[in-house]
Every structure is written in structure tokens, then in C-alpha cells.
Amino acid sequence: MKSIRTTADLAINGAPPAYAEPLHVGRPNIGDRGTFLRLAGEMFDRHWLSNNGPLVREFESRIAARLGVKHCVAMCNGTIALEIAIRALGLTGEVIIPSYTFIATAHALHWQGITPVFADIDPATHNLDPEAVRRMITPRTSGIIGVHLWGRAAPVDALQVVADEHGIQLMFDAAHAFGCSLQGRSIGGFGRAEVLSFHATKCFNTFEGGAVVTDDDALAEAMRLMRNFGFVDFDKVIHPGTNGKMVEVCAAMGLANLESFDETIATNRRNYLAYRAAFAGLPGLAVVSYDESEQNNYHYVVLEVGDECPVGRDAIVAALHAENILARKYFWPGCHQMKPYRDLFPHAGMMLPETQRVAGRVVVLPSGTTLPGDAINVIAAVITRLCGIA
Ligand SMILES: *Cc1c(COP(=O)(O)O)cnc(C)c1O
């Protein structure tokens with residue numbers, strides 16, 4: 001095992017960190033290079049680099065088949081995919097989202113001139129609390145965007161009930177949830193549409209990329225138009241649009257990564273179980289659990305630091321960073337505390353007590369296919385020593 005400094009050592013000597021190269025959260029998983037290079041070579045031979053090429057079309061049909069949905073509309077990234085889905089659904093006015101999410105969920109609305117309204121989460125699941133959503137509905141509310149945080153499904157049925165009661169739309173930000181299920185059904189088919197991100201740091205990547213998946217033919221058709229400037233033919237534009245297209249080389253990466261995706265999940269699961277074993281029985285430290293009766297991608301190893309822990313979350317993050325282990329506070333301090341939204345809604349925190357509590361407790365630990373073999377033991381040793389447990 002690596003030598004690990006105590007907090008006393010930290011103050012006294014400049015011992016080298018446990019890792020010379022930093023360990024990152026979300027270090028990209030890279031699939032079979034041979035497959036990628038072969039597909040890229042064929043792409044160069046075709047001289048077809050973008051504009052709905054054969055690799056993008058194959059990628060879309062493979063994703064749709066894997067998720068059991070009718071349509072996959074691939075995009076240049078998850079944020080543009082969110083914006084296009086939001087527009088295609090005709091959302092306006094106010095849309096309810098969690099504050100405990102990546103900032104893009106809020107920005108995609110704001111950028112479209114829609115007001116994101118933050119509802120509180122259930123501290124047990126970190127997902128939207130349907131009762132809190134109900135409290136935030138006004139006559140201007142046109143929809144709800146649930147987020148399947150950490151890949152654990154949002155309360156889909158309860159949110160649908162709320163949406164139906166008020167005649168508003170429900171869609172999902174499924175950026176974390178590729179390869180996950182709810183009651184045995186793949187995430188991707190819930191609500192009017194679900195949005196995936198294939199960013200480099202996500203479980204499954206296309207360098208940058210995203211998609212909207214849906215069973216709705218008309219919606220898929222509208223989104224295909226919007227992602228390509230509204231073109232239906234060489235000289236014919238029938239709809240306002242933007243440039244949301246996925247390029248061929250990204251689809252090649254996606255096809256290569258799809259081949260190894262099940263292996264990636266198996267590695268993530270091993271890491272997750274090893275982390276759980278390492279922290280089992282330690283006071284105030286809990287690794288957020290995945291329901292083993294569902295499919296999970298186990299991409300996020302989320303440690304919650306409770307009140308019974310002798311040190312706080314920030315001290316744990318600092319001790320890990322001193323060892324070049326770049327654990328992250330996610331999604332701290334919450335979207336509502338980030339400047340654009342804090343300026344818009346200075347008192348939003350009053351409605352978000354659970355969001356604020358959870359955002360202050362969570363640290364995401366490095367995992368993924370490139371995690372060094374000894375890292376989980378080293379990380380557990382740093383934390384238990386800091387806590388005075390070992
Ligand atoms: C990553 C992420 C996005 C944005 O996806 P990009 O592909 O990076 O644009 C949106 N929502 C959530 C919850 C995310 O984690």
C-alpha cells in the first residue's frame with residue numbers, strides 16, 4: 001500500500017502525495033481502439049464527416065434498440081439535446097427542475113427564455129420530491145424535467161400524476177442514466193422524451209455528444225428538423241432550427257464504446273462494491289446504494305458524510321486532494337446558489353432545505369475503467385485515518 005500522510009504529517013513535512021498523477025472523477029472510458037480506428041478510416045474513405053452520415057444512423061439505431069425506444073435523435077451534446085427537446089415539446093413560462101443537478105439542466109431552460117423553478121429533493125434518493133414539485137406549480141408552469149440522478153430513476157409515476165393533474169408536460173434529463181432501468185424497463189422510454197449525454201466524463205461517451213430518445217413519431221420528426229436548421233431538402237427550410245448534429249467521428253467513438261459498455265459496467269460495479277465494503281460500518285459514512293434488482297451503470301460512487309462522522313465533507317475532500325485524489329463535491333452548492341440563479345431567486349434556498357443539506361454532505365469518488373488497482377484502499381485509508389477511525 002502507498003504511504004499515506006496523517007494530517008499531522010501534512011502540516012509538518014511536504015511528503016509527496018499518494019499519487020504523482022491526479023486521480024480524476026469521470027476520467028474517460030475508452031473502448032476498443034481498433035474498432036474506432038477502423039470506423040474512422042472508413043469514414044475518411046467515404047469523405048462523409050457530418051450531416052446524418054451512416055455512422056450516426058447506425059449509432060442511433062443501436063441506441064434505440066438497446067433502450068427499447070422507437071427513436072433516437074443523436075445530437076452534438078446533451079445540453080443542445082435538452083434545448084431541442086424543450087423547444088419541440090413547446091415548453092414556455094416556467095418549468096420545474098431540481099436544483100440538485102448539473103447546471104446544464106437549468107441553463108437549457110434559461111437559454112430558451114424559460115424560467116427554471118427549483119423544487120426540493122427527497123434526501124433518501126437525491127431525486128425530485130413529487131410533493132415539493134406540486135408546491136412549486138403556478139399558472140405559468142408548462143412542464144417538469146425530472147433528473148435520474150446518479151442513474152437512479154426519478155419517481156417517474158408520481159411525477160406523471162402531478163403532470164397529469166395540471167395538464168403539463170413531463171420529460172427527463174437522463175444524462176446519468178444510460179444503461180439503467182426502472183422496474184426492469186430501460187430508462188429512455190419514460191415521459192414524453194428523455195435526454196442522454198455522451199460527454200467524455202459520462203459512463204458512456206462519444207467524445208462530446210447527446211441524444212433525445214422518445215416513442216413519439218411527431219416529436220422525433222420535429223427534433224430532426226430542429227437539429228439541422230429546419231432543412232427538409234437541399235433548398236427547403238420549413239422550421240426554425242439550430243445546429244445540433246452529431247458528427248461521424250463521434251458516432252464511431254460511440255459504436256466502439258458500445259462494444260465494451262457491458263465490461264465498463266462490470267468494472268464500475270466491482271469498484272462500487274469494493275468502496276461499499278471499505279466504508280461498511282464506519283460511523284457517518286455511507287456510499288449511496290444502487291438497487292441490485294435494477295440495471296445500473298454504477299458510474300458514480302457517491303459518499304455521503306453524515307453528522308455522526310467526526311470530520312466534515314470539506315475536510316475529507318481537502319485530505320484527498322492533498323494526495324492528488326481529486327474527489328468532487330457534486331452538485332455543490334446547488335444550481336440555485338450559482339450566480340445567474342441566485343441573482344434571479346435570492347430566496348430560493350428557503351424552499352430547498354434538503355437540497356442544501358445533501359449538497360453539503362456529498363463527495364463523489366474516482367471510479368471507472370482506469371482507476372488504479374490500489375486506489376480504493378488508499379482512499380479508504382486516507383478517510384478513515386482523517387476520521388481517527390483507523
Ligand atoms: C452532463 C450533464 C448534462 C449536459 O450534458 P453535455 O453533454 O455535457 O452537454 C446535463 N444534465 C446533467 C444532469 C448532466 O450530468
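For ligands, and for the atoms within them, numbers begin at 1 and follow the listed sequence.
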Practice item. Would you mind checking which non-hydrogen protein atom is closest to atom 9 (O) of ligand 1, with the distance to 0.1 Å? Key: Thr79 OG1, 2.6 Å
Point to revise | Atom indices of ligand 1 within 4.0 angstrom of Thr105 heavy atoms, with elements | key: 11 (N)
Check your understanding: Strictly by modelled atom types, are Asp217 and His71 linked by a side-chain donor-acceptor pair under 3.5 Å?
Key -> yes
Practice item. Before accepting this row, confirm whether a basic side-chain N of the pair Asp307/Arg357 lies closer than 4.0 Å to the acidic partner's carboxylate O. Key: no
Point to revise | Close approach, Gly209 and ligand 1, non-hydrogen under 4.0 angstrom | key: yes
Exercise for review: Specify whether Phe204 and Phe198 have parallel, tilted or perpendicular ring planes, treating 30° as the upper limit for parallel and 60° as the lower limit for perpendicular.
Suggested key: perpendicular
Revision key, fill the gap. of all protein heavy atoms, closest to atom 1 (C) of ligand 1 is Lys202 NZ, 1.7 Å
Review point. Looking only at distance, does Gly78 have an N or O less than 3.5 Å from an N or O of ligand 1?
Key: yes
Exercise for review: For ligand 1, find out whether one of its N or O atoms is nearer than 3.5 Å to an N or O atom of Tyr300.
Suggested key: no
Exercise for review: Apply salt bridge (Lys or Arg N to Asp or Glu O under 4.0 Å) to Arg38 and Glu42, showing your working.
Suggested key: CA-CA 6 Å; Arg38 177 176 58 78; Glu42 291 168 9; 3.3 Å; yes
Practice item. Could you tell me if the ring centre of His336 sits under 6.0 Å from that of Phe345? Key: no
Study note, to complete from the structure: closest protein heavy atom to atom 10 (C) of ligand 1 is Asp173 OD2, 3.5 Å
Review point. Considering only heavy atoms, does Glu208 approach ligand 1 within less than 4.0 Å through its side chain, its backbone, both, or neither?
Key: neither
Practice item. Give the ring-plane orientation class for Phe279 versus Tyr275, where under 30° counts as parallel, over 60° as perpendicular and anything between as tilted. Key: parallel
Check your understanding: Will you find, in the side chains of Thr264 and Asn29, an N or O donor that is under 3.5 Å from an N or O acceptor?
Key -> no
Revision key, fill the gap. Near His199 (heavy-atom distance under 4.0 Å), the atoms of ligand 1 are 7 (O), 8 (O)
Study note, to complete from the structure: The protein heavy atom nearest to atom 15 (O) of ligand 1 is His176 NE2, 2.9 Å
**Study point:** Test applied, side-chain contact (heavy atoms from CB on, under 4.5 Å); reference residue, Arg227; option that passes from Val73, Ile80, Val212, Thr242
**Key:** Val73
Point to revise | Atoms of ligand 1 close to Phe102 [distance to a heavy atom under 4.0 angstrom, numbered from 1] | key: 2 (C), 3 (C), 12 (C), 13 (C), 14 (C), 15 (O)
Practice item. Indicate the ring-plane relationship of Trp150 and His176, choosing parallel, tilted or perpendicular according to the 30° and 60° boundaries. Key: parallel
**Study point:** Sub-4.0 Å atoms of ligand 1 with respect to non-hydrogen atoms of Thr101
**Key:** 13 (C)
Exercise for review: Please confirm whether Ser197 comes within less than 3.5 Å of ligand 1 when only nitrogen or oxygen atoms on both sides are compared.
Suggested key: yes
